Amino acid sequence: MEARDALRATAAVAGRAATLKACGIAAVLFVVGLLVLGLIGATTIKPAAADSCGGRGTPGTDLEDLEDGKPSGGPSRAEQKTNAKIIDKVAASGGLSGRATLIGLMVALQESSLLNLDYGHADSIGLFQQRPSQGWGTREQIMRPKYAASMFYFGDDDGDPRGLTDVPQWESKDVRTLVREVQRPDASTLDLYVVQESLARQIADQAGINLDRKGTATAAPISETGNPGPPVGDADRPQSPEECYPDTDGKDGAPGNPFYDGNSSWPASVKNPRSAEDAIRWARREAETGSKQWLWWCLRFVAAAYGRKSAGTRFAIDHYRSMPEQMKHDGDRNPPPGALMYWDTGSEAGHVALYLGNGKIASNDIKRAGYIDVVDATDIETKWGSTYLGWAPPYFPRGG
């Protein structure tokens, strides 16, 4: 658990979600490899703009229960809820607060997508990707979720490795500090644990877990910024979607409203190896027969759909921001087929997908981690909790 390199990032989420997919999170974790491959442009990393509306989630780990009971290439939400209940039961039986449960869920989501994985970086396994070689227990023990959760909270009897409650005044410390003390990941990945909160709360709610439960030890919790304040993420809640996105004629407005086909044409400066029609055909074919190669790589996918080797920009959200103003259609829910659609996911990465027409998009990770699927364009809002930014033509001025 000490160094989260590219192998860890790939292995820990292969076959399930991960994230932060947060397309740009992959760029952070894979930066060295991407530089070698020439996939990163010269643009500066920018944080996602704060938005007063919507409870944005984290792409890549927001999975649903399987409606027909058949595997879809990724795990079901039912498995996540089962593991969440185990984590909560361990915390509650130890007299810990609901905040402890929330922290445990956030850590497990980042480490394993809240799945009991039998693989990971080096010898990391289980919900919390604990390592037998580092004293967390035998492989058989760690693969038992109840044991793994108990070790996360209470550590070994001799204090090495230490658990959450071994950190002095843990109730009043922010999540980054606690993760650093217990999980000991690379410092550059600490923020990835924090952005799992929205999904952790959603799963807890679905599992009937009370995150407001009081523990036997009380302390004034602090906010994620380290300043005195409410518990994790309980700072001023955003306005409701209805307040932020007033519904008009059904063609724009509130998140979840349908998307309709527009008929805008591309500017003459938009030139790609493939036409919009060919890009759509390629994307549909990739959804039908493609391999699991698109984990967290939404921007690379849409560039590939148009026949390019790279987009020339690091993050999806930066790609939208760098568009010429006349090409950006902020909040417009009438994209023409072939357009690129963008969402703010609450991370610095954002998300982009290819609009196919009739309200459908080709997107990675929404149904199956790493695969492309054809889904409703509204799924990015309703299932990931992301904020729709708008659409733009397939313009890659620095693309390869």
Side-chain angles (χ1 to χ4, degrees), residues 1-22 25-26 28-33 58 60-61 63 74-75 79-80 82-84 86-87 90-91 103-156 158-167 175-196 199-200 203 292 295-296 365 369-370:
M1 294 193 312
E2 298 172 321
R4 304 290 191 256
D5 56 13
L7 177 61
R8 156 72 177 85
T10 301
V13 290
R16 45 92 184 166
T19 177
L20 282 208
K21 172 198 142 283
I25 291 174
V28 174
L29 298 178
F30 297 156
V31 61
V32 175
T58 301
T61 54
L63 306 175
E79 184 178 355
Q80 292 177 312
T82 296
N83 291 327
I86 293 173
I87 291 173
V90 171
I103 293 170
L105 296 181
M106 291 166 65
V107 171
L109 279 168
Q110 172 56 27
E111 293 287 358
S112 68
S113 284
L114 199 50
L115 306 173
N116 196 28
L117 302 180
D118 61 358
Y119 57 86
H121 167 63
D123 58 338
S124 298
I125 52 173
L127 287 175
F128 295 92
Q129 289 291 281
Q130 294 156 334
R131 300 181 62 181
S133 64
Q134 302 301 311
W136 290 94
T138 66
R139 181 179 178 86
E140 292 72 21
Q141 287 174 322
I142 296 172
M143 286 302 297
R144 296 200 295 268
K146 183 177 179 181
Y147 172 91
S150 180
M151 287 296 289
F152 171 75
Y153 286 121
F154 307 108
D156 201 1
D158 63 3
D160 184 22
R162 69 194 317 197
L164 179 73
T165 57
D166 292 319
V167 180
V175 171
R176 296 178 187 84
T177 298
L178 297 173
V179 169
R180 184 169 56 244
E181 293 290 329
V182 179
Q183 298 297 104
R184 293 175 290 177
D186 186 274
S188 65
T189 67
L190 291 175
D191 286 343
L192 307 189
Y193 295 82
V194 176
V195 296
Q196 298 288 358
L199 182 55
I203 292 174
K292 184 175 65 177
L295 187 69
W296 300 343
D365 297 345

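This is a predicted model, so every value here is computed, not measured. This chain uses plain numbering: 1 for the first residue, then up along the sequence.
- Taking 4.5 Å as the limit, some side-chain heavy atom of Tyr193 sits within range of a side-chain heavy atom of Glu111.
- Nearest approach of Glu181 to Arg184, heavy atoms of both residues: O-CG, 4.1 Å.
- Side-chain contact between Ile125 and Leu117 is absent, with no heavy atoms from C-beta onward closer than 4.5 Å.
- A side-chain donor-acceptor contact under 3.5 Å links Gln80 to the backbone of Ser113.
- Looking only at distances, no side-chain donor or acceptor of Thr189 sits under 3.5 Å from a matching main-chain atom of Leu192.
- Between the CG atom in Leu114 and the CD atom in Glu79 there is a gap of 8.5 Å [rounded to 0.5 Å].
- The CD1 atom of Ile203 sits 4.5 Å away from the CG atom of Leu109 when rounded to the nearest 0.5 Å.
- The heavy-atom pair separating Asp365 from Gly370 by the smallest distance is OD1-N, 2.6 Å.
- You'll find the side chain of Phe128 reaches within 4.5 Å of the side chain of Ile87, heavy atoms only.
- With hydrogens and angles ignored, the 3.5 Å screen pairs a side-chain donor or acceptor of Arg162 with a backbone N or O of Asp166.
- Residues Met151 and Asp156 meet the side-chain proximity criterion, which asks for heavy atoms closer than 4.5 Å.
- Rounding to the nearest 0.5 angstrom, the gap separating the OG1 atom in Thr165 from the CZ atom in Phe154 is 5.5 Å.
- When all heavy atoms are compared, the tightest approach of Leu190 to Pro185 is CD2-CG, 3.8 Å.
- Side-chain N or O atoms of Asp123 include one that pairs as donor or acceptor with a backbone N or O of Ser133 at under 3.5 Å.
- The shortest heavy-atom contact between Gly126 and Ser112 is O-CB, 3.6 Å.
- Remark: side-chain polar atoms of Gln130 are paired, donor with acceptor, to backbone N or O of Ala148 under 3.5 angstrom.
- Residues Phe152 and Leu127 fail the side-chain proximity criterion, which asks for heavy atoms closer than 4.5 Å.
- How far CH2 of Trp136 is from CD1 of Ile142: 8.5 Å, rounded to the nearest 0.5 Å.
- Between Gln183 atom CD and Gln129 atom CD the span is 9.5 Å, to the nearest 0.5 Å.
- Residues Val195 and Met106 fail the side-chain proximity criterion, which asks for heavy atoms closer than 4.5 Å.
- At a threshold of 4.5 Å between non-hydrogen side-chain atoms, the residues Pro145 and Asn83 count as touching.
- Looking at heavy atoms from C-beta onward, Val179 lies out of side-chain contact with Arg176 at the 4.5 angstrom threshold.
- In this structure, CZ in Arg139 is found 13.5 Å from CZ in Arg144, a value given to the nearest 0.5 Å.
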